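Quick note: residue numbers are just sequence positions, from 1. Predicted model only: the values in this text are computed from it and were never measured.
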Amino acid sequence: MSEDYGFVDEEMAEPGDEFEEIEVADTEADSTARRQDREFDEFRKRLKNVERLKVEQGAFDDATLGALYKLVQDGHVGAFGGPLSTGKEANVYEARGESGNVAVKIYRINASDFRQMREYLAGDPRFEGLEDNKKATVLAWTRKEFANLKRAEKAGVRVPEPIAVQRNVLVMELVGQADERRAPRLAEVNVENPQQAYEVVREYMRRLYAAGLVHGDLSEYNMIVHEGELVIIDMGQAVTVHHPNAGEFLTRDCENVAAFFSRQGLEVTGEELEAYVTEADADPSGEPDGPD
């Protein structure tokens with residue numbers, strides 16, 4: 001009977017023979033996985049024990065720690081420094097990168113203004129079909145800021161150089177940080193040559209528009225001055241020109257910029273600036289001079 005059905009005769013079988021074909025030896029992949037788990041666990045403990053990196057509202061949850069760990073493993077981030085800024089939606093930290101210090105921007109998923117973010121994402125063809133939940137929105141927002149920085153940089157606009165993005169963590173060039181002091185915003189400096197500074201700003205705005213982007217929140221508070229160079233920051237909310245509110249955002253940007261330079265003594269208006277930015281034959285080539 002046992003031969004007919006392929007069963008092992010109990011009298012002939014040695015105990016344990018039925019398992020001899022099963023491979024239970026440790027594989028290289030198993031060893032690697034365990035080693036990576038141990039390394040990640042040590043990384044998590046080390047990061048959470050750094051007092052300066054502790055963030056309220058759970059910015060360093062396990063998923064964020066995993067994103068940071070991946071950025072470290074890929075060589076984009078090394079040792080962490082202290083916080084550069086803390087905000088309602090994101091915190092920015094200084095860290096060591098491959099060729100110098102970098103800024104690491106971490107968006108807090110639970111604390112972010114989900115609905116306001118979706119207003120800027122809705123209508124953007126790059127994020128069609130986005131799930132209607134906070135996590136998907138914040139992760140898309142982080143990718144969007146990285147993509148906006150890359151597009152602006154390619155268009156010849158001086159922005160922090162985008163380096164890497166992983167989940168809700170963005171790594172970019174650290175502009176102007178020295179001795180724990182950040183570069184001043186345009187609103188905080190004495191503009192020695194307002195005309196020259198204005199020409200730089202309007203040229204940057206035109207280049208952005210020619211590249212299909214509108215900043216959406218441009219003012220003297222979203223531009224910094226470093227070594228005589230004007231740098232546009234906070235590109236997360238920038239929208240494509242196809243966004244249903246792009247025209248409204250551009251008008252607001254132009255009014256903000258014109259109002260600032262009017263206070264510097266220039267005779268400029270938002271309408272004139274918008275006409276310049278949207279000029280049909282706008283040529284984004286050439287390098288504008290930096291502000292004094």
Charged N to carboxylate O under 4.0 angstrom, E220 versus R263? yes

E279 and R206 ion-paired at < 4.0 Å: yes

Got [X] and [Y] here, is their nearest side-chain heavy-atom distance under 4.5 Å?
X: R185; Y: I233; value: yes
X: L170; Y: L149; value: yes
X: E153; Y: V157; value: no
X: V191; Y: Y198; value: no
X: M117; Y: V138; value: yes
X: E203; Y: Y276; value: yes

Is it true that [Y] and [X] share a donor-acceptor pair across their side chains at a distance under 3.5 Å?
X: E94; Y: N101; result: yes
X: Y221; Y: E188; result: no
X: T64; Y: N168; result: yes
X: T251; Y: E274; result: yes

Under 3.5 Å, side chain of [X] to main-chain N/O of [Y], donor-acceptor pair present?
X: H215; Y: L250; value: no
X: H226; Y: E229; value: no
X: T240; Y: L213; value: no
X: N91; Y: I106; value: no
X: D74; Y: H76; value: no

Assign the ring pair H243 / F249 to parallel, tilted or perpendicular, where the plane angle (0 to 90°) is split at 30° and 60°. tilted

Going by the rule side chain to side chain donor-acceptor pair (under 3.5 Å), which residues pair with D234 if we only count those two or more places apart in sequence or in a different chain? none

